[in-house]
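In this text the structure is predicted, and so the values were computed from the model without any measurement. Side-chain atoms are counted along with the backbone in the values below, which use heavy atoms only and exclude waters and symmetry mates. A note on names: the letters A, B, ... follow the listed sequences, proteins ahead of strands, and every chain is numbered from 1.
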Amino acid sequence: MNRRTFCAVTAVLSLTVASAAGAQQASWGPGADDTAFATMLQASFRNAGRVTVERLKQDETQAFCSDPQLATSKAAAKQAEAIEAANLASVKWPSDGKWLGDWKSGERIAQSGRGLTWTDSPTQASGGNCYNCHQIDAKEISHGTIGPSLHQYRKLKGGTEQVMRETWAKIYNSKSSNACSNMPRAGHMGILKETELQDIMALLLDPESPVNK
Amino acid sequence: MGSPMRIRAASKDGVTEVRILMNHEMETGQRRDGAGNVVPAWFIQEVKASLNGKNVMQAQWGPSIAKNPYLAFKVKGGKAGDKVSVTWVDNKGDSRTDEANVT
Amino acid sequence: MTDKTVGRRWVVKRGAVLAALAAAGMVVPKELFASWNKAAFEGKTADEVVKALGGSSAAASGEVQIIASDIAENGAVVPIQAVSRLANTQQIAILVLANPNVLAAVFDVGPDIVPDFTTRIKMSQTSNVIVLVKADGKFVSATKEIKVTLGGCGG
Amino acid sequence: MNARLAAALVAALAAVAVFGGARAQDKDDTAKGIEAYREALKDGNPAELFEMAGEELWNKPAGPKNASLQGCDLGLGPGKVEGAFAQLPRYFADTDKVQDVESRLLTCMSALQGIDTQEYVDARFGTPKKNDLIALATYISGASKDKPVAVTLAHPKARQMYELGKRMFFFQAGPHDFSCATCHGEEGRRIRMQDLPNIMTKEGAAAGWTSWPAYRVSSGQMWSMQWRLNDCFRQQRFPEPIYASDMTVALSMYMAANANGSTVATPGIKR
């Protein structure tokens, strides 16, 4: 890690300390062993491919959620709400006003778990990683269970404007409704482009998609 | 020049079960490398086994046998101390022979 | 792992000279290759393979057994056990219909061999797998579909 | 496979007979099919080939000093291999560091054989130098098979490694916001068909810790825990962990201590 990143990481860590506001008096964990932890991080990662140690620099959401004790505490409920509000404010709505793209393309994106690793080429399109965690089209038996099943999504949720808006917000920035959701922020972090988000939306919400058959 | 095989041979109720692990890439000839070039086929074509010097088993393989091949087969007869010998030959003409005692 | 370590526990004999010459393209060790049935291994269908092995057709038989899991978590390694209960079994072959070349292996069954082989094959996709048995000069078979799934993060 | 696979198949058929309902049966068939597949793989693990190679490397003189690794102290005294892996990572007084099997091997190669180990650290996984290290680790781990995991946090530096590893386990970063805990912090979750052990529990930590090094059938490669962690971080979209770095040892210590009392099952075989 270069010096600048190291400083950035340390800065984020001290922010966490401040927000914990003395609640952490144990000799280990965030606030107590920050120096040792930052030293370890600095000495343990290297740049590879297009991925640099800059990625160790956390944003406020990541720093908050990296302390599960804090993140799930009553004392931090207000902070969690603020993080959700900030993430919701970051959501960019579809520029052409269309919620739904092409579900067939959405299925391909949902199947792909590629992109943004140090072994991926710069031209490698990022996948949505969706099937890694969710059941979607029931035909795909190889699906993960970290997230809920999305099979029959429209049939169960309906296709109202409200549902479209909530689903878009969830995919664009999952932390807009759940500060420490396990789901990546596909739009906010630039993992998927706007048209790709519309295609994923169609996979879930187009009546013609196999998900809703 | 292949690397050693792992051979186990165990006799039970008048039948000797021979289990072999071989060290081989088993390239299909269908795969492309990072630069997009076809990786040439390279695979074991023939496997022979003998018990105390007598040929008992012969197999022909294509490239769709899995990498680092595993083969188990059963020979009538055989007792503790008998000698099992296994030889493979690949499509480049390389070969390898290893032996093990029946237990 | 290193290529050139020689196991202490293993008595090693190598056709080293022959292999070196063969690798240099100077000699084709014909005696070693004599039995490899090129036509059978280039067969694109079960029929082509049966013909190349000297038969004409292969009816299904309950005396032939193919033991394998219904699903393979990875097509690169699929365990298969091929068993024949027919008297005078002469040959057992394993075929994967969806592979570019369908024949994976042929085992000759001599008088000392119990016709029961276990090995691991590659499958490019979900496919019917056939165990083909030649007994008393006639070919019979058993078929089983094995599903190949995608594992891991897909990246 | 033989008896094992046959038994698994019978179990699968019995299960199908018991459960009614099309959906439940579909799910059950998939799970049982995969279970039968995994059972069938266990018989004849190509990892044995790597154990053999590792033993040769351990005993063979190499390096500028033309010495073998037979005098290497893996924690139980020079040359004692049996049972050593079950107690790693551990604190070593001679280096004043906590080390796992792979970082300790680097120490021994440097001290006993006079080898410049930086090349081994920098070498990519899947290349000869890394393959040698992994074959050695496979051999050493195999010599602890069936022994109970017994790592100690008695030394303050061992305790510190555990706590730093625990903190690392929850550390989120990168474009996907992933930490180890994203996938390995809950019970009964899967990525695709792959079961994810919950490393925070003894059972989960044991499932993760005690089966590496393992032969990966998907790649036909032998993977050590260092390679396993490296690829976890790759898929987490993190920068690349440095081989045998403190962070990797810390995470290993977190897993191993959580798995204390479980049984070493290496070398394993995995998808």
Exercise. For Phe41(C), is it the side chain, the backbone, both or neither that has a heavy atom under 4.5 Å from a heavy atom of chain B?
Worked result: side chain

Problem set entry | Close side-chain approach of Val106(C) and Gln58(B), heavy atoms under 4.5 Å | no

Problem set entry | Part of Pro115(C) within contact of chain B (heavy atom distance under 4.5 Å) | neither

Problem set entry | Interchain contact, Lys67(B) with chain C, by part (heavy-atom threshold 4.5 Å) | backbone

Seminar exercise, completed: With sequence neighbours left out, the residues meeting side-chain hydrogen bond (donor to acceptor under 3.5 Å, both in side chains) with Asn52(B) are Asp82(B)

Exercise. What part of Ala76(C) is in contact with chain B, defined as an atom under 4.5 angstrom from a non-hydrogen atom: side chain, backbone, both or neither?
Worked result: backbone

For this session: Determine the minimum heavy-atom distance between Ala59(B) and Phe107(C), stating which atoms define it.
Result: CB-CD2, 3.4 Å

Exercise. Under a 4.5 Å cut-off applied to non-hydrogen side-chain atoms, are Thr118(C) and Tyr70(B) in contact?
Worked result: yes

Exercise. Of the non-hydrogen atoms in Asn37(C) and Gln60(B), which two are nearest, and what is the gap between them?
Worked result: N-OE1, 2.7 Å

For this session: Give the minimum heavy-atom separation between Asp116(C) and Lys74(B), together with the two atoms involved.
Result: OD2-NZ, 2.7 Å

Exercise. Quick one: are Lys122(C) and Ile65(B) in side-chain contact, heavy atoms under 4.5 Å?
Worked result: no

Exercise. Side chain, backbone, both or neither: which part of Val15(B) has an atom under 4.5 Å from a heavy atom of chain C?
Worked result: side chain

Exercise. Any side-chain heavy atom of Asp112(C) sitting closer than 4.5 Å to one from Leu51(B)?
Worked result: no

Exercise. Side chain, backbone, both or neither: which part of Ile113(C) has a non-hydrogen atom closer than 4.5 Å to chain B?
Worked result: both

Exercise. With a 4.5 Å limit on heavy-atom distance, are the side chains of Ser64(B) and Ile121(C) in contact?
Worked result: no

Seminar exercise, completed: When rounded to the nearest 0.5 Å, the distance separating NZ of Lys48(B) from CG of Asp108(C) is 10.0 Å

Problem set entry | Approximate separation, where rounding is to 0.5 Å, of Gln45(B) CD and Ser35(C) OG | 9.0 Å

Problem set entry | Closest non-hydrogen atom pair, Trp36(C) against Trp61(B) | NE1-O, 2.9 Å

Exercise. Crowded around Lys54(B) NZ? As in, over 12 foreign heavy atoms under 6.0 Å?
Worked result: no

Exercise. Which residue pairs pass the salt bridge (charged side-chain N to carboxylate O under 4.0 Å, His left out) test with at least one member in residues 36-46 of chain C, sequence neighbours excluded?
Worked result: Lys38(C)-Glu42(C)

